[in-house]
Amino acid sequence: MSNGNTAWSTFADGIWKNSPTLTLLLGMCPMLATSSSVMNALGMGMAATFVLVMSNIFISALRNIIPKQMRIPCFIVVIATFVTIVDLVMAAYSPGLYKSLGIFIPLIVVNCIVLGRAEAFAYKNGIASSMLDGVGMGIGFTVGLFLMSTFREILGNGSFLNLPLFGPSFSPVLIMIMPPGAFMTLGFLIALKSYLDKRQKKGA
Amino acid sequence: MKSLVITSSPHVRSIERLTDVMYDVVIAMIPAVLVSIYFFGLQSLLITVTAVVGCMAFEALFLKIAGKTNIRATVLDGSAIVTGILIALNLPPTSPIWMTLIGSLIAIIVAKQVFGGLGYNIFNPALVARVFLLISFPVQMTRWVNPSFFKGDAITAATPLGMLKTDGLATVSKTFSHLDFFLGTIGGSLGEVSAVALLIGGLYLLMRKVISWEIPVSMLGSLFIFTGIFWMLDKARYADPIFHILTGGALLGAFFMATDMVTSPITRKGMLIFGAGIGVLTGLIRLFGGYPEGVSFAILIMNSLVPLIDKYTEVKKFGLVKVKA
């Protein structure tokens with residue numbers, strides 16, 4: 001049905017070109033809230049990727065029996081199932097991360113990336129390409145979170161993955177790990193992304 | 001070359017230019033800068049020079065990267081110099097050089113140029129820098145020293161407002177008199193110590209008509225009334241209103257920062273509302289907030305309301321009749 005080229009672009013578009021956080025501006029709430037440290041960001045990214053891939057697969061598989069008028073509640077039920085799995089697994093195996101992510105794990109249920117891909121892609125496409133789309137978007141979300149949290153943790157805490165980078169004389173820019181720092185970093189990252197896109201378009 | 005001028009209607013001609021206004025503000029700040037050098041020594045001159053040079057350099061750098069052509073004219077229009085001096089006046093005399101430079105970077109790039117440059121910034125750049133530094137480096141931003149006439153024997157000291165928050169009113173009145181606040185023989189930021197120097201600068205700006213009376217008067221008036229009410233209620237607990245006007249950044253804010261043309265309302269009624277809002281918010285933060293000083297937060301909060309204030313205080317055009325829909 002789909003040749004290699006489109007399968008690849010289904011997968012790769014989500015990572016950078018249609019990056020959910022930096023281009024589609026979806027999933028802003030977890031992006032701003034959980035990017036204060038790289039560890040939190042990676043945990044959030046992986047949890048969301050799992051939910052995204054699994055819900056894309058199941059919604060795509062069920063797309064012919066989900067009635068159009070009832071699709072949103074059906075999506076929510078499927079998504080909530082996988083979020084519950086993530087929630088319980090995380091609570092059991094990494095309680096520290098679970099505690100610091102807090103409410104943002106259950107909130108993946110209403111994450112607009114997950115819901116958006118279900119509506120815009122999985123409901124209209126086959127299982128294989130829906131899975132690829134989920135993986136690509138999930139990686140894109142994780143990359144966005146990783147970039148933002150790297151910047152914020154290094155500046156705001158002087159560390160990377162909780163390893164101190166500078167000597168004790170370094171005074172961290174505390175505002176960067178607080179909410180205003182999140183908004184500023186996000187703004188600059190989106191600006192950088194559109195600058196790079198523009199330059200690429202000019203070059204091509 | 002003289003360009004062709006086509007006009008109809010009577011137009012008001014003025015030779016007043018942006019640059020003239022900016023240099024008038026610079027002149028008005030000279031007394032405050034001189035007082036800070038007198039009290040805190042060469043360190044405060046160093047901070048002021050660093051901040052001004054930093055602001056101009058970051059502005060030039062940004063314009064270059066953004067591919068603008070009129071770099072020279074924009075950097076020399078005086079607005080970067082004003083921002084630089086204001087940042088310096090908002091810093092404690094012990095500020096390290098790197099912190100002053102970060103302040104300049106935030107003011108020029110984040111608060112001014114990213115919004116589109118002079119005339120488009122929503123928030124006062126110098127205040128954005130101050131609040132950014134205050135939140136980021138609370139230790140360095142609250143390391144005050146007593147003013148000393150001789151270099152070398154500066155002792156760490158609290159500002160009157162800081163002392164009021166931690167030690168209560170009794171300690172403050174034992175340590176300082178109102179004359180201290182007026183002359184500036186107290187601990188504080190470079191530009192907040194001497195009330196008399198700020199008043200001279202403010203009066204100069206009013207005389208030159210660079211600023212109008214509405215914002216300073218309504219801001220200081222509402223601060224006076226607000227803190228006065230609490231003083232009347234409990235004289236042992238709350239400081240008197242004169243104390244609140246003479247200490248901290250109230251005068252600096254009232255004359256030099258709240259009156260920034262870009263970030264304040266344009267109508268007379270709007271200016272009165274704007275100033276009153278700053279005064280009340282400052283009083284609220286000082287009396288009940290977590291920080292001892294609230295002028296910078298109050299001005300930034302009111303800055304964000306300026307478009308709304310302008311909208312609702314728009315002057316009715318002559319002859320305009322509202323038709324009921």
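Numbers restart at 1 for each chain; the letters A, B, ... are given by sequence-line order, proteins then strands.
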*Take A:K124 and A:S130 through the side chain to side chain donor-acceptor pair (under 3.5 Å) test and state the conclusion after the steps.*
CA-CA 9 Å; A:K124 295 168 188 155; A:S130 294; over 6 Å; no
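- For B:R130 and B:S296, the side-chain atoms include at least one donor-acceptor pair closer than 3.5 Å.
- Only the side chain of B:F137 has a heavy atom closer than 4.5 Å to any heavy atom of chain A.
- Residue A:F188 touches chain B through its side chain alone, counting heavy-atom pairs closer than 4.5 Å.
- Electrostatic pairing of A:D197 and A:K193 counts as a salt bridge here, judged by a charged N lying under 4.0 Å from a carboxylate O.
- Judged by distance alone, the side chains of B:D77 and B:T74 never bring a donor and an acceptor atom under 3.5 Å apart.
- In this structure, no portion of A:P180 lies under 4.5 Å from any heavy atom of chain B.
- For chain A, no part of B:V139 is nearby; none of its heavy atoms comes within less than 4.5 Å.
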